[in-house]
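Data block below; observations after.
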There are 2 protein chains.
Amino acid sequence: MLDERKRKILKEIVDEYIDTAEPVSSAIIVEKYENNISSATVRNDMAELEKAGYLEKTHTSSGRVPSAKGYRLYVDELLKYDNISLEEIKYIQEKLESKANSIEELTKIATTTLSEITHYTTVSIGPKTTGQIIEEIKFVLLGSRMLMGIIVTDTGLVRETIIKFDEDVTEEQVETLNYFFNTKLKGEPIERIDASLEQYIFRELKCSINIIKPIIEQMKKLIDDEEKIYLEGANKSFELPEFKSLELAKNFVNLLDTKEVMLDILNTGFAEDIQIYIGDENDNEDLKDFSIVTFKHSVGDKDLGTIGIIGPRRMNYSKVISVMKYISKKLNEDFEQNNK
Amino acid sequence: MLDERKRKILKEIVDEYIDTAEPVSSAIIVEKYENNISSATVRNDMAELEKAGYLEKTHTSSGRVPSAKGYRLYVDELLKYDNISLEEIKYIQEKLESKANSIEELTKIATTTLSEITHYTTVSIGPKTTGQIIEEIKFVLLGSRMLMGIIVTDTGLVRETIIKFDEDVTEEQVETLNYFFNTKLKGEPIERIDASLEQYIFRELKCSINIIKPIIEQMKKLIDDEEKIYLEGANKSFELPEFKSLELAKNFVNLLDTKEVMLDILNTGFAEDIQIYIGDENDNEDLKDFSIVTFKHSVGDKDLGTIGIIGPRRMNYSKVISVMKYISKKLNEDFEQNNK
DNA sequence: ATTAGCAGTCGAAGATATTGAGTGCTAATG
DNA sequence: CATTAGCACTCAATATCTTCGACTGCTAAT
């Protein structure tokens, strides 16, 4: 349906719009990209591209702006994702090689780096604990009424929590707990820790319920920890021309502050693949002027965290996705390296 | 210099401006507050208040707006801070009594509650480790090449970190470390852990430097941890009329995103006292349109965290400070309770 | 299929007028 | 002398109108 030239012109229009944030006119296309055809020809093609839903006009006599459908074709078929320079590659390598002490930390470093290179706002969340296998579980007595509970999973994820008691706990009790939890839970998925465990332990261990209850309570919290979004470069977005619109700026802050929408999006991505959400493809109102690109870092079915970029629909997809592709590759390599 | 009536009128003007965000005219004052004098009288007083620097005009024929000096007099001398309702007190009690597992968590709960009640953006930082006395220090072996180091201080603060090694570590080594660190550091201020310790341990323990080095490195990081600002209700600020100004909105996002300025302010407050920063009293450009109210929670000279409210200069100081006063009192009580 | 050419559209920007919410000042008042 | 009525004056905000020019779409010629 779209011949080669129309696809080329569509790409040029999107490129130009991403660059200038201004509606693109036929004259500009001729001047900058298509020196051998006349603006009238471009206009004809534009009219057809508009009829097909790839372009929009802001008013009758304005230039064209890509529609969500236009962006979609653009990112899916018209772009190559090798828009990354040697300097950028070097910079990323440097950053990611600075040894992080945990997966979460590495994810944060990657998130920050991504924002630095792309100049967009980036977000990330840590790994979902669900599905992870308990490799080690330990309780450490701190003082006489405080315990630290630590879980290590097969992906190297470490989670710890403080548990406070109203009565003294002895070293022997802690040893019993350690022995019991390890024999029962090692090799089990982490979500095995739940309320049903409480009764079971109570029967088996004859340990005071005043001790078991807070332990299970806190350990459970570890699993479905309300997820924290790590945010980098929120102010960068405010430099973009679209943020001149107060309405839009407000939506943006709302989005980042209420978190739910972002969590939703960060959580729905599929493993190992870059997901692209373009404006009104999503039905959330606040999101309609933004695009989000996410990448879920994982091994097998185990989640290691998700990183996202949020920017205006007119985002530099080529750069963003190229850089993200590289970072994701690098993260996987590093993980293999560390766990081989 | 200012007679009673002028002070009264100043307070009324600030009250009114805080309420409406519009320059206040003499007519409004007469209508709403001073039914027994004429607007001409109020105008005369206003003129003098302006000459004395407490009021400003946005243009020759506009109403008056409080100056920073005006706000200062207002908060220092004209306000009573008992502007808190029974419902609010009850709500705060409820929130703060939900048992938190650490001081940091309690501070966060207080921060969130403060934002909920005042409808302003709130921020907080956790306790400074400096000055705290080590009560317990423990290393726990996780797997064969990973250690968790845990420090408990006299204020009940718990900090932990993961330490990774390139070689295996044995249980005996960990025991030696535990024994050594505890005998040497218990009762010492936390900042005793520094590079000089590394050599000392190396000599005393004859333990591999490959093990000691990463430990000290990580433990040091624990102390001067780059501080994380906890932020609540950033979007609430965007509902305020002053945020119609893009310039101001941008400054706000910058402020919260770059963190340094906020950290600076949160760190300079004096213990146990509510600090009020009003707009251009501060010389930071980004801050000139905002006021910040902070409270540093502490016992003795030990810091337990700082909470702040950031809003427009036209902030509801009475409400904000009243609520903060109550929360601070409550936090102290709770702490006494838990540590008695 | 392409293109030159031209009429038509409409937002952006600038000029001008209008309005009214304020003030400050003066002169009168108790 | 403090207070006040009254009035001239100021100026931001708003509305109205004009102009300008960057676009398009269409037609007719190539």
Side-chain angles (χ1 to χ4, degrees), chain A residues 1-10 12-13 16-17 19-67 70 241-242 244-246, chain B residues 1-10 12-14 16-17 19-67 70 241-242 244-247:
Chain A
M1 178 183 178
L2 292 187
D3 60 42
E4 249 341 284
R5 195 185 59 204
K6 288 204 188 67
R7 290 165 66 93
K8 184 153 171 268
I9 288 179
L10 176 59
E12 287 156 358
I13 291 173
E16 182 66 16
Y17 185 64
D19 195 35
T20 64
E22 296 291 333
V24 182
S25 74
S26 55
I28 289 278
I29 291 298
V30 171
E31 187 188 318
K32 289 207 190 170
Y33 306 91
E34 301 280 352
N35 302 317
N36 300 319
I37 55 178
S38 86
S39 66
T41 311
V42 175
R43 273 201 293 286
N44 290 334
D45 285 357
M46 279 173 144
E48 289 195 44
L49 283 165
E50 181 177 355
K51 208 180 294 169
Y54 298 106
L55 294 178
E56 285 166 359
K57 280 195 284 194
T58 57
H59 58 93
T60 16
S61 66
S62 77
R64 301 309 207 288
V65 157
S67 67
E242 17 274 287
K244 291 244 160 61
S245 149
L246 198 73
Chain B
M1 180 185 178
L2 293 187
D3 60 42
E4 249 342 282
R5 195 185 59 204
K6 289 205 189 67
R7 291 165 65 93
K8 184 153 171 269
I9 288 179
L10 177 58
E12 287 156 358
I13 292 173
V14 182
E16 183 67 16
Y17 186 64
D19 195 36
T20 63
E22 296 292 331
V24 181
S25 74
S26 54
I28 291 277
I29 291 298
V30 171
E31 187 188 318
K32 288 207 191 169
Y33 305 91
E34 301 280 351
N35 302 317
N36 299 319
I37 54 178
S38 86
S39 67
T41 311
V42 175
R43 272 201 295 285
N44 289 334
D45 285 357
M46 279 173 146
E48 289 195 44
L49 283 165
E50 182 177 354
K51 209 180 295 169
Y54 298 106
L55 295 178
E56 285 167 359
K57 280 195 283 194
T58 58
H59 58 93
T60 15
S61 67
S62 77
R64 301 305 206 290
V65 158
S67 67
E242 17 274 286
K244 292 245 160 62
S245 148
L246 198 72
E247 171 72 8

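This is a predicted model, so every value here is computed, not measured. Each chain gets a letter, A, B and so on, in the order the sequences are listed, and its residues count up from 1.
The interatomic distance linking Asp45(A) (CG) with dC23(D) (P) rounds to 18 Å, in whole Å. The interatomic distance linking Lys57(B) (NZ) with dT10(D) (P) rounds to 12 Å, in whole Å. What separates CE of Met46(A) from P of dA22(D) is a distance of 16 Å, to the nearest Å. One can place CD of Glu56(A) at 18 Å from P of dC23(D), the figure rounded to the nearest angstrom. Between Arg43(A) atom CZ and dA1(C) atom P there is a gap of 18 Å when expressed in whole angstrom units. As rounded to whole Å, 11 Å separates atom P of dG25(D) from atom CG of Leu55(A). As a whole-Å value, the separation of Ile29(A) CD1 from dA22(D) P is 17 Å. As a whole-Å value, the separation of Glu48(B) CD from dG24(C) P is 11 Å.
For residues 35-44 of chain A, the set of pairs meeting the salt bridge (Lys or Arg N to Asp or Glu O under 4.0 Å) definition, not counting sequence neighbours, is empty.
Along DNA chain C, the nucleotide nearest Ser62(B) and the nucleotide nearest Asn44(A) are compared for position; the residue whose nucleotide lies closer to the 5' end is Asn44(A). When each of Thr60(B) and Arg64(A) is assigned the nucleotide of DNA chain D with its nearest heavy atom, Thr60(B) is the one assigned upstream, toward the 5' end.
Taken to the nearest 0.5 Å, the NZ atom of Lys6(B) stands 11.0 Å off from the CD atom of Glu4(B).
Between Glu34(B) and Lys8(B), at least one side-chain N (NZ, or NE/NH1/NH2) sits under 4.0 Å from a carboxylate O, which counts as a salt bridge.
At a threshold of 4.0 angstrom between heavy atoms, the contacts of Ser39(A) with the nucleic acid are absent. Using a 4.0 Å heavy-atom criterion, one finds that Thr58(B) contacts no nucleic acid atom at all. When heavy atoms are screened at a 4.0 angstrom cut-off, Asn36(B) is found touching the sugar-phosphate backbone but no base atom.
Val24(A) and Met46(A) make their closest contact through O-CE, 3.5 Å (heavy atoms, listed as atom of the first residue, atom of the second, distance). Taking all atoms of both residues into account, the shortest heavy-atom contact from Ser67(B) to Glu56(B) is CB-OE2, 3.4 Å.
When the side-chain nitrogen and oxygen atoms of Ser38(B) are compared with OP1 and OP2 of dT3(D), none of them lie within a distance under 4.0 Å. At dT23(C), one or more side-chain N or O atoms of Ser26(B) fall inside 4.0 Å of OP1 or OP2 (strictly under the cut-off).
Of the candidates dC23(D), dC10(C), dC26(D), the closest approach to any side-chain atom of His59(A) belongs to dC10(C). With dG22(C), dG24(C), dT4(D) as the choices, the nucleotide that has an atom nearest any side-chain atom of Ala47(B) turns out to be dG24(C). Nearest to the side chain of Ser61(B), among dA4(C), dA21(C), dT2(C), sits dA21(C).
Base pairing of dT19(D) is made with dA12(C), judged by Watson-Crick or G-U wobble geometry with both donor-acceptor distances under 3.5 Å.
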